[in-house]
Each structure stands twice: as C-alpha cells, then as structure tokens.
Student: 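The structure under discussion is supplied below as structure tokens; questions concerning it will follow.
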Protein chains: 2
Amino acid sequence: MARAATTSDAFNAIAEPQRREILVLLRGGERPVTDLARDLGMTQPQASKHLRVLREVGLVRVRGAGKQRLYGLDARGLRPVHEWVGGFERFWSESFDRLDEYVQELKQARQEGPHDGDDQ
Amino acid sequence: MARAATTSDAFNAIAEPQRREILVLLRGGERPVTDLARDLGMTQPQASKHLRVLREVGLVRVRGAGKQRLYGLDARGLRPVHEWVGGFERFWSESFDRLDEYVQELKQARQEGPHDGDDQ
DNA sequence: TTGACACATTCCGATATAGGCATATGATGG
DNA sequence: CCATCATATGCCTATATCGGAATGTGTCAA
C-alpha cells in the first residue's frame with residue numbers, strides 16, 4: 001500500500017503546505033482560482049488540483065459566478081483536527097517543565113559514554 | 001516530485017492514522033515498541049517504522065531501559081499545528097451559524113412549498 | 001560464548017502523489 | 001457560431017510512502 005490519499009482526510013489534505021496557504025487566503029473571502037494561483041506563485045493547474053483536493057475533503061466550496069468559479073472556505077472539517085490536536089495541550093505545556101529534567105539526563109548519559117546514536 | 005516526506009513536518013507525520021493512535025497511547029506514559037504494536041494490532045516492524053517517523057519530527061523521544069526502549073511523548077511539536085488550525089476557529093463557528101440560518105430557510109421553503117431546485 | 005528476547009533496518013511491490021506542460025471543457029460577449 | 005477568457009483535466013516522471021517478510025543489531029542472563 002501507498003500513503004493514504006490526500007483526499008481521505010482533512011489531516012491528509014492539510015499536510016501539504018500550499019493547500020494550507022490556500023486555506024489561509026480563503027479566510028479573506030471567496031476568490032477565483034487564477035487569483036489564488038497568482039498570489040501563491042503557482043501555476044493555475046496546480047491551484048486547481050489543490051482546490052480539487054480541498055473540495056473533496058469538504059474544506060472548500062465552489063460557486064459559479066458567471067465566467068468565474070469562486071472558491072470559498074468551509075472550515076468545519078478543521079474542527080476535528082483542532083480537537084484531536086487539542087487533546088495534547090496539557091502535554092506540550094508539561095513538556096516544557098520536563099525539558100530541564102530531560103536535559104540533565106542527557107548530560108549524564110553523555111558523560112557515561114554515548115549510548116544513543118544521534119539521529120538524523 | 002512526490003508528496004512531501006512524512007518526516008518533513010508534524011503536519012505530515014500526523015496525517016497517518018496509526019501514528020496518531022500511537023501518540024494517543026503515549027499520552028498514558030512511556031511504552032516499549034512491542035506493547036504499542038500489540039495494542040494497536042500492528043506488527044512490531046510497523047510500529048518501529050512509525051515511531052521512527054515520529055521521532056524524526058520530534059514528537060516522540062526514546063530512552064533506553066535495558067533490553068527495552070521506552071518511547072515517550074513530546075507534544076511540543078503539535079503546538080504549531082494546533083495554532084494553525086486554531087486560526088480557523090471563528091470560521092467554523094461561523095459556518096455553524098450559517099448552517100442554522102440555512103436550516104431555517106429550508107424549513108420555511110418547505111412550508112411555502114418547493115420553489116427552486118437545490119444545486120449540486 | 002550462547003541463547004533468548006526487544007527492537008531496528010532492509011528489500012520488495014503497489015500505489016499515489018506533486019509538478020510541468022498540453023489540452024479539453026465551459027461560459028461570455030459579439 | 002466564434003473567439004476569448006477562466007478553469008479543469010490528462011499525461012508523464014520522479015519520488016516516497018505503507019505493508020509484509022526476512023534479517024540485522026543490541027542487550028541481558030546463565
């Protein structure tokens with residue numbers, strides 16, 4: 001199997017930076033594809049493709065306006081994401097407290113000789 | 001180009017459901033790989049791979065404990081995600097407000113008898 | 001040292017992405 | 001109907017994923 005489809009999830013859809021930028025821009029109101037493409041420095045087909053993904057996960061809606069098609073934000077799908085991540089809120093505060101402890105541990109470990117390979 | 005690496009971002013790392021489940025489990029405290037694998041119904045290599053990704057984006061830390069390696073949560077990397085998504089909070093509330101309006105409109109429309117075909 | 005256990009890494013295959021480019025579809029105005 | 005503008009889609013390549021199975025590495029205990 002390959003990675004889950006970008007269209008399978010809001011999580012997957014917003015994993016792509018350019019799509020995130022599109023969403024941010026759309027907070028300012030409905031806009032046509034060409035506008036978005038220009039403002040984000042991407043080609044029109046690129047923008048269209050990203051918008052297709054966003055539409056398929058329901059983060060964006062289209063509305064025909066004559067020759068143009070106005071894309072608008074529908075942020076409801078971001079709520080579950082926000083809630084899931086929010087479930088870790090108390091842990092990242094906590095992490096800051098423990099950071100000191102952790103640094104101490106690291107120093108000790110290094111003095112006792114390298115155990116953990118530095119990753120990356 | 002292909003999709004951005006799963007290790008390039010917290011956004012990308014948490015796009016994978018199994019990795020999200022791992023993180024949730026780790027809220028309960030440090031745990032060895034085998035434990036996680038068993039609880040999530042995946043093979044040990046799978047779990048190891050996912051943990052590697054999580055480690056590379058800094059969402060997880062390892063600590064050698066004799067024969068075992070205890071994985072622990074480091075949720076700090078989730079904070080930016082939470083903040084980014086939080087930037088849309090007022091938009092999904094707004095959507096809900098409009099949803100109500102819309103529902104009201106629908107009810108009225110039905111009472112007055114069908115006028116316009118709904119689009120899509 | 002050897003065996004046993006915990007875990008990491010590698011190789012494979014199938015899949016789907018993002019980007020670039022060309023082109024099709026669609027609506028508008030004349 | 002035609003030319004034009006706005007947008008969508010198709011095709012192609014390179015890349016990276018996830019999954020599975022096998023195997024490598026590391027640590028303890030006797």
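Note that these values count all heavy atoms, side chains included, but never hydrogens, waters or copies made by symmetry. In what follows, chains are A, B, ... by sequence order, proteins preceding strands, each numbered from 1.
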Student: Tell me, which of residues 17-33 of chain A have any heavy atom that sits under 4.0 Å from an atom in DNA chain D?
Tutor: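 Heavy-atom cutoff 4.0 Å gives A:Pro32, A:Val33.
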
Student: In whole angstroms, how far is the P atom of C:dA8 from the CG atom of B:Leu36?
Tutor: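 To the nearest whole Å, that distance equals 10 Å.
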
Student: With sequence neighbours excluded, what pairs up with A:Arg63 under the salt bridge (charged side-chain N to carboxylate O under 4.0 Å, His left out) test?
Tutor: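 Partners of A:Arg63 by the salt bridge (charged side-chain N to carboxylate O under 4.0 Å, His left out) criterion, ordered by chain and then number, come out as A:Glu30.
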
Student: Could you list all the salt bridge (Lys or Arg N to Asp or Glu O under 4.0 Å) pairs where at least one residue sits in residues 3-15 of chain A, not counting sequence neighbours?
Tutor: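 Every salt bridge (Lys or Arg N to Asp or Glu O under 4.0 Å) pair that includes a residue of residues 3-15 of chain A, provided the two are not neighbours, is A:Asp9-B:Arg20.
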
Student: Mind running a 4.0 Å heavy-atom check of residues 4-14 of chain A against DNA chain C and sending the residues that fall below it, in number order?
Tutor: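 Within residues 4-14 of chain A, the residues near DNA chain C are A:Ala5, A:Thr6.
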
Student: Could you tell me whether the side chain of B:Met42 reaches within less than 4.5 Å of the side chain of B:Ile22, counting heavy atoms only?
Tutor: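 The answer is yes, as the side chains (C-beta and beyond) meet within the 4.5 Å cut-off.
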
Student: In this structure, how many angstroms lie between the C1' atom of D:dG19 and the CD atom of B:Glu16, rounded?
Tutor: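 It is 10 Å, rounded to the nearest whole Å.
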
Student: Is there a side-chain contact between A:Val57 and A:Asn12 in this structure, where contact means two heavy atoms from C-beta onward sitting under 4.5 Å apart?
Tutor: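 Side-chain contact under 4.5 Å: no.
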
Student: Once salt bridge (charged side-chain N to carboxylate O under 4.0 Å, His left out) is applied, do any residues pair with B:Glu83, and if so which ones, sequence neighbours excluded?
Tutor: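 B:Glu83 satisfies salt bridge (charged side-chain N to carboxylate O under 4.0 Å, His left out) with B:Arg79 only.
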
Student: For B:Arg38, enumerate each residue passing the salt bridge (charged side-chain N to carboxylate O under 4.0 Å, His left out) test, keeping only those at least two apart in sequence or located in another chain.
Tutor: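 With neighbours one apart ignored, the set is B:Asp35.
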
Student: Give the rounded distance in Å between these two atoms: CG of A:Leu54 and P of D:dA8.
Tutor: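 Computing the A:Leu54:CG to D:dA8:P distance gives 12 Å.
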
Student: Show me the pairs that pass ring pair (Phe, Tyr, Trp, His ring centres under 6.0 Å) and involve residues 55-83 of chain A, at least two apart or across chains.
Tutor: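 Counting only pairs at least two positions apart or across chains, the ring pair (Phe, Tyr, Trp, His ring centres under 6.0 Å) contacts touching residues 55-83 of chain A are A:His82-B:His82, A:His82-B:Trp92.
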
Student: With sequence neighbours excluded, tell me which residues meet ring-ring contact (aromatic ring centres under 6.0 Å, His included) with B:Phe88.
Tutor: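 If we apply the ring-ring contact (aromatic ring centres under 6.0 Å, His included) test to B:Phe88, skipping adjacent residues, the hits are B:Trp84.
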
Student: Taking side chain to side chain donor-acceptor pair (under 3.5 Å) as the test, write out the residues that go with B:Glu21, two or more places apart.
Tutor: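 Listed in chain order: nothing, the list is empty.
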
Student: If you compare every side-chain N and O of A:Arg52 against the phosphate oxygens of D:dT9 (OP1, OP2), does one of them come in below 4.0 Å?
Tutor: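 Answer yes for this pair, as a side-chain N or O of A:Arg52 is under 4.0 Å from OP1 or OP2.
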
Student: Calculate the interatomic distance between A:Arg3 atom CZ and D:dT17 atom C1'; express it in whole Å.
Tutor: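 The distance from CZ of A:Arg3 to C1' of D:dT17 comes to 6 Å, rounded to the nearest Å.
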
Student: Let me know the distance between CG of B:Asp35 and C1' of C:dC5, rounded to the nearest Å.
Tutor: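 Result: 14 Å.
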
Student: Return the set of residues passing salt bridge (charged side-chain N to carboxylate O under 4.0 Å, His left out) with A:Arg55 (not counting sequence neighbours), or none when no residue passes.
Tutor: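 Partners of A:Arg55 by the salt bridge (charged side-chain N to carboxylate O under 4.0 Å, His left out) criterion come out as none, since no residue qualifies.
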
Student: With sequence neighbours left out, write down each residue that passes side chain to side chain donor-acceptor pair (under 3.5 Å) with A:Gln44, or none if nothing qualifies.
Tutor: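 Side chain to side chain donor-acceptor pair (under 3.5 Å) check on A:Gln44 returns A:Ser48.
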
Student: Could you run down the sub-3.5 Å N/O contacts of the protein with nucleotides 20-28 of chain C?
Tutor:
from   : atom 1 : to      : atom 2 : distance (Å)
C:dG20 : O6     : A:Lys49 : NZ     : 2.5

Student: On the nucleotide C:dA8, are OP1 or OP2 found under 4.0 Å from the side-chain N or O atoms that B:Tyr71 carries?
Tutor: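 It does, given that an N or O in the side chain of B:Tyr71 lies less than 4.0 Å from OP1 or OP2 of C:dA8.
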
